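Below is one structure; the comments refer to it alone.
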Amino acid sequence: MKKQKRSENTYTKINTIFLRDKNNIIMPYDELVAPEFDWLRNCKFDADEKIDGTNIGVVWDGHHVSFQGRTERAEIPKMLNERLEELFGGSVNEELFEQKFGDTKMILFGEGYGVKIQKGGSYIPDGNDFILFDVYCVDTNTWLTRESVEDIARTFNIDVVPIVVEGTLNELIDFVKTKPKSTIGTANMEGVVARPIIE
C-alpha cells in the first residue's frame, strides 16, 4: 500500500506480505509483516506482474521531460537512458506530453528492465526497455486509476504491466507459489504487486 504524502518525487516502498530473515529470505509463509494484511486477507485484489528491473520516473514538469531513478539522484544505466530518450525524448514527444497533461506536473512510474539490469537478460537478450505501472499527479497529490494508466500507455505507445491474477491474498499467495513464468521473454515471474480492487 502506498502513502499519499511525499517529500520527494520518488515511488514509495511497497511492503511484502511476509517477514524475511537476516538474509532477506522469506521465512515460512505464516508470519505477516503487518496486522493489516491479516485484516485484508479476504478482500479481493488485482495483482500486476512485478518486473525485476530498476524503478524509473518519467517526469513532466509542465514544460519539459526528464528521467529519474529510484531516487532523484540515482544514476540511470546508459543503455536504458537511450531507450527512454527514444520513447519520451524529442520535440514530438514533448508535444504529446503537452497535449495530454498541459502544464500539470505528472510522473510516469515504471520499470526499466533488460540486459545488465538485475537478472533482466531473460526478459530481453540484447537491449533495455520500459514498462509503465503507475502514474502520479504531483499538482493534486493523487494516483491515477488503472484505466487512466492504460490510456496514457496507449498515448505514448508503451507497455503497461499486465494484471496476471485476481483474488484474495491467499489466492495470490497460492499463485506465486506455482512459480509462474513472466509475461515477458523467458524469465520467471519475480512476484506480483497487489492492490485492493476498491483502494
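Every value quoted in this text rests on a predicted model; they were computed, and no experiment measured them. The figures that follow rest on heavy atoms only: side chains count, while hydrogens, waters and symmetry mates do not.
- Remark: the backbone N or O of L96 is not paired with any side-chain donor or acceptor of Q99 at under 3.5 angstrom.
- Annotation: the span from I76 atom CD1 to I56 atom CD1 amounts to 4.0 Å, rounded to 0.5 Å.
- Using a 4.5 Å heavy-atom cutoff, the side chains of M106 and V138 are not in contact.
- For the salt bridge (Lys or Arg N to Asp or Glu O under 4.0 Å) condition, the pairs that include at least one residue of residues 84-109, sequence neighbours left out, are R83-E86, K100-D151.
- Among residues two or more places apart in sequence or in another chain, the salt bridge (Lys or Arg N to Asp or Glu O under 4.0 Å) test is passed with K179 by none.
- In summary, of the residues considered (W60, F130, F97), a ring pair (Phe, Tyr, Trp, His ring centres under 6.0 Å) with F156 occurs for F97 alone.
- For the side chain to side chain donor-acceptor pair (under 3.5 Å) test, residues two or more places apart in sequence or in another chain that qualify with E190 are K50.
- Contact check for I198 versus P196: no side-chain heavy atoms found under the 4.5 Å cut-off.
- Judged as a side-chain contact (heavy atoms from CB on, under 4.5 Å), and not counting sequence neighbours, P125 has no contacts.
- Among residues two or more places apart in sequence or in another chain, the side-chain contact (heavy atoms from CB on, under 4.5 Å) test is passed with D126 by I124.
- Within the 3.5 Å criterion, the main-chain N or O of G112 finds no donor-acceptor partner in the side chain of D129.
- Residues forming a side chain to side chain donor-acceptor pair (under 3.5 Å) with E111 (at least two apart in sequence, or on another chain): none.
- Judged as a side-chain contact (heavy atoms from CB on, under 4.5 Å), and not counting sequence neighbours, the contacts of V59 are S66, Q68, I107.
- The closest side-chain heavy-atom distance from V149 to F109 is not below 4.5 Å.
- In this structure the side chain of Y113 reaches within 4.5 angstrom of the side chain of I131, judged on heavy atoms.
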Task: Q118/T54 under side-chain hydrogen bond (donor to acceptor under 3.5 Å, both in side chains): CA gap, chis, key distance, verdict - done: CA-CA 8 Å; Q118 309 289 22; T54 185; over 6 Å; no
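- Residues forming a side-chain contact (heavy atoms from CB on, under 4.5 Å) with N188 (at least two apart in sequence, or on another chain): K181.
- Applying the ring pair (Phe, Tyr, Trp, His ring centres under 6.0 Å) rule to F133 yields the partners Y11; only residues at least two apart in sequence or on another chain are considered.
- K116 meets the salt bridge (Lys or Arg N to Asp or Glu O under 4.0 Å) test with no other residue; sequence neighbours excluded.
- For residues 138-148, every residue pair satisfying the salt bridge (Lys or Arg N to Asp or Glu O under 4.0 Å) rule, not counting sequence neighbours, is listed here: D48-R146, R146-E150.
- With a 4.5 Å cut-off on side-chain heavy atoms, C43 and L169 do not count as touching.
- Criterion: ILVMFWY side-chain heavy atoms under 4.5 Å apart, direct or through other members. Under it, V193 and Y123 are part of a common hydrophobic cluster.
- Residues forming a salt bridge (Lys or Arg N to Asp or Glu O under 4.0 Å) with E82 (at least two apart in sequence, or on another chain): K78.
- Counting only distance, with no hydrogens or angles, the side chain of N93 and the backbone of L87 share a donor-acceptor pair below 3.5 Å.
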